[in-house]
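These notes concern the structure reproduced below.
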Amino acid sequence: MNLLITGGAGFIGSHVVRRFAQSYPNYHIYNLDALTYAGNLENLKDIEDLPNYHFIKGNIVDEPFINDLFDKINFDGVIHLAAESHVDRSIEDPLSFVRTNVIGTVNLLNAAKRIWSNSYDKKRFYHVSTDEVYGSLGQEGLFTETTSYDPNSPYSASKASSDHFVRAYGETYKLPFVITNCSNNYGPFHFPEKLIPLFINNIIQNKPLPVYGDGKYTRDWLYVEDHARAIDLVFHRGKNHETYNIGGFNEWQNIDLVKLLCRVMDKKLGRHAGSSKNLITYVKDRPGHDLRYAIDATKINKELGWEPSVTFEEGLEKTVEWYLNNSEWLKNVTSGDYQEYYSKMYS
Ligand code: NAD
Ligand code: TYD
């Protein structure tokens, strides 16, 4: 099998590429990534010499390039993760989200449709999406696969749009697809613009922890390797033309999560209990901030037997240890452009 994985140099993509390259030595894994600020080949150092792993630098927005690539390599499947992924950046620059998340996805759909048009047998386009497309929950309820789309940020609107295009290609052209909508991931190689790695980095450096609004916003958190395992299962055993929700059954208000993280960091850094907590600073809220996300992952559990394997406490501890043991990685990704981004967003 020739398998194209897009966005494989990013956070989740690198875990997916690693899992597939190691678990399926008979598959050729082609990692296509533009290496934006979020893409980093250091994330894949440990597997870069595997004979079944191939890296291709390229942009999914570049239509001639994508067409040429699909002409050259006979892909049997696509797992599409490449995206602009950060809500705060989408508020600053929505168009770059439209380009990559919408136009880039349609370019891939067109190329797959064209190349596979003789026979869709054993072909599959897997689109990786987010629970944020469903919008915001109140205090009660869970997102199921039939919850109406109601995106609130430019990021979630662009992901919702790409999901609709994937479905539309399934309906109109019978392209075999699956979509998964997953909750917030955390773990190694997470770029420190997102809550958990940003706060880990700030605690290490004794910098303020900028909690948006009152900190009562709620997210459902999943350890990234559990997401990669779900993607493996759905890719191989999920039903075509179906959506599966993936979540951690693990809801946390931001402020409670941050306090737990502070306790873990104090312990691991050998600092006085309570010292990291003193860094918490309430700052101006994110515009259009979704109150609560929570996933009902019953379908993937019942149909494919998937459930999270890592508790949040275990996952958070593993994550903190990884960042402390990989200070060089953290230093590299937080130099240069990151400093500019940080002062623009947080000063
Ligand atoms: P990320 O930002 O860490 O990585 C994105 C990767 O895509 C990077 O390697 C980047 O270089 C690449 N990329 C960006 N634009 C590109 C382009 N135009 N052409 C080719 N490559 C490009 O993102 P992530 O957190 O790993 O998320 C991966 C996917 O999973 C995204 O589709 C995201 O919407 C989805 N998702 C993320 C989460 C989460 O919690 N992070 C949760 C659910 C779903
Ligand atoms: P984030 O990691 O950006 O993921 P998402 O917005 O996709 O859920 O943010 C998680 C939560 O943490 C969200 O409610 C916003 C909040 N947050 C802060 O309070 N401060 C921060 O500096 C960041 C990045 C996020």
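Both backbone and side-chain heavy atoms feed into the values below; hydrogens, waters and symmetry mates do not. We count ligands from 1, going down the list as the structure has it; atoms in each ligand are counted the same way.
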### Task
May I ask you to check whether S309 and D226 show a side-chain donor-acceptor distance below 3.5 Å?
yes
### Message
Residue-level breakdown please: for Y346 versus ligand 2, do any non-hydrogen atoms fall below 4.0 Å on the side chain, on the backbone, on both, or on neither?
### Response
side chain
### Atom of F20, atom of D232 and distance for their closest heavy-atom approach
CZ-CA, 3.7 Å
### Proximity winner for atom 9 (O) of ligand 2, if only heavy atoms of K216, K194, R286 are counted
R286
### Summary
For V87, the atoms of ligand 2 under 4.0 Å from one of its heavy atoms are 6 (O), 7 (O)
#### Entry: E303 and R237 ion-paired at < 4.0 Å
no
## Note on the structure
of all protein heavy atoms, closest to atom 8 (O) of ligand 2 is R219 NE, 2.7 Å
### Query
Taking the side chain as C-beta and beyond, is there a heavy-atom pair between S90 and E84 under 4.5 Å?
no
### Side-chain heavy-atom pair F177, E242 within 4.5 angstrom cut-off
no
### Summary
The option among I60, L41, I295 carrying the non-hydrogen atom nearest to atom 19 (N) of ligand 1 is I60
### Query
For Y186, which of F11, F312, W322 qualifies under ring-ring contact (aromatic ring centres under 6.0 Å, His included)?
F312
### Query
Cation over ring, K239 on Y244, under 6.0 Å and within 45°?
no
### Closest protein heavy atom (residue, atom, distance) for atom 12 (O) of ligand 2
N254 ND2, 3.4 Å
### Task
Return yes or no for this condition: an N or O of K159 is under 3.5 Å from an N or O of ligand 1.
yes
### Query
Does H227 reach ligand 1 with a nitrogen or oxygen that is under 3.5 Å from one of the ligand's nitrogen or oxygen atoms?
no
### Contact check: L81 vs ligand 1, nitrogen or oxygen atoms, below 3.5 angstrom
yes
### Task
Mark up the atoms of ligand 2 that fall under 4.0 Å of a heavy atom belonging to V211, in ascending order.
19 (O)
### Query
Which of the atoms of ligand 2 are close to N184, meaning less than 4.0 Å from one of its heavy atoms?
4 (O), 5 (P), 8 (O)
### Message
Can you tell me if T6 contacts ligand 1 (heavy atom of the residue under 4.0 Å from the ligand)?
### Response
no
### Message
Taking D256 first and then K259, would you say they form a salt bridge - that is, a charged N and a carboxylate O separated by under 4.0 Å?
### Response
no
### Message
Distance under 4.0 Å to a non-hydrogen atom of C182: what atoms of ligand 1 satisfy this?
### Response
42 (C), 43 (C)
### Message
Students often mix this up, so state it plainly: with edges at 30° and 60°, are the rings of F189 and W329 parallel, tilted or perpendicular?
### Response
perpendicular
### Identity and separation of the nearest protein heavy atom to atom 19 (O) of ligand 2
Y212 N, 2.8 Å
### Query
Should one rank G187, S183, A82 by closest heavy-atom distance to atom 22 (C) of ligand 1, which comes out on top?
A82
### Task
Consider every N or O of A34 and every N or O of ligand 1, then say whether any pair is closer than 3.5 Å.
yes
### Message
Ring centroids only, cut at 6.0 angstrom: are Y126 and H80 within range, meaning strictly under it?
### Response
no
### G8 near ligand 1 by a heavy-atom separation under 4.0 Å
no
### Query
Do H86 and K194 have side-chain heavy atoms sitting under 4.5 Å apart?
yes
### Query
Are D68 and K72 within salt-bridge range, i.e. N to O under 4.0 Å?
yes
### Query
Is it the side chain, the backbone, both or neither of E193 that has a heavy atom closer than 4.0 Å to ligand 2?
backbone
### Query
Taking N or O atoms only and a 3.5 Å limit, does P210 qualify as a polar contact for ligand 2?
yes
### Task
Measure H80 to ligand 1 on non-hydrogen atoms and call it side chain, backbone, both or neither using the 4.0 Å cut-off.
neither
### Task
Check ligand 1 against N184 and write out every atom of the ligand that is under 4.0 Å from a heavy-atom position of the residue.
40 (O)
### Query
What pair of heavy atoms forms the shortest contact from R124 to V234, and how long is it?
NH1-O, 3.0 Å
### Query
Which ligand 2 atoms does Y217 reach within 4.0 Å, using its non-hydrogen atoms?
14 (O)
### Task
Check whether any side-chain heavy atom of L3 lies under 4.5 Å from a side-chain heavy atom of I29, and answer yes or no.
yes
### Message
Check contact between G104 and ligand 1, using heavy atoms of the residue and a distance below 4.0 angstrom.
### Response
no
### Sidechain N-carboxylate O distance under 4.0 Å for D88, R286
yes
### Message
Evaluate T100 for polar contact with ligand 1, using N/O atom pairs at a separation under 3.5 Å.
### Response
yes
### Task
Could you see which bit of D290 sits under 4.0 Å from ligand 2, with heavy atoms only: side chain, backbone, both or neither?
neither
### Task
For S129, counting its heavy atoms only, list the atoms of ligand 1 lying under 4.0 Å from any of them.
43 (C), 44 (C)
### Task
Specify side chain, backbone, both or neither for L35, according to which of its non-hydrogen atoms lie closer than 4.0 Å to ligand 1.
backbone
## Note on the structure
A student checking ligand 2 against H86 at a 4.0 Å heavy-atom cut-off should list atoms 3 (O)
## Note on the structure
So the atoms of ligand 2 within less than 4.0 Å of a heavy atom of E132 turn out to be 5 (P), 7 (O), 8 (O)
### Message
Between the side chains of K318 and E321, is the shortest nitrogen-to-carboxylate-oxygen separation below 4.0 Å, so that they form an ion pair?
### Response
no
### Query
Given that the side chain starts at C-beta and the backbone is N, CA, C, O, which of these parts of L195 lies under 4.0 Å from ligand 2, counting heavy atoms, or is it both or neither?
both
### Numbering as shown, the atoms of ligand 1 that approach S85 to under 4.0 Å (heavy-atom distance)
1 (P), 2 (O), 23 (O)
### Task
Could you tell me whether R292 sits above the aromatic face of F143, with NZ or CZ closer than 6.0 angstrom to the six-membered ring centre and within 45 degrees of the axis?
no
### Query
What are the atoms of ligand 2, with element, lying closer than 4.0 Å to any heavy atom of H289?
13 (C), 14 (O), 15 (C)
### Side chain to side chain, K284 and Y212, heavy atoms closer than 4.5 Å
no
### Message
Under the rule for side chain to side chain donor-acceptor pair (under 3.5 Å), what residues qualify as partners of N52, not counting sequence neighbours?
### Response
none
### Message
Within ligand 1, which atoms have a heavy atom of V128 less than 4.0 Å away?
### Response
30 (O), 32 (O)
### Y293 N/O under 3.5 Å from ligand 2 N/O
no
### Task
Under 4.0 Å, heavy atoms only, figure out whether ligand 1 is touched by the backbone of Y155, its side chain, both or neither.
side chain
### Summary
Here the atoms of ligand 1 under 4.0 Å from any heavy atom belonging to G58 are 19 (N), 20 (C)
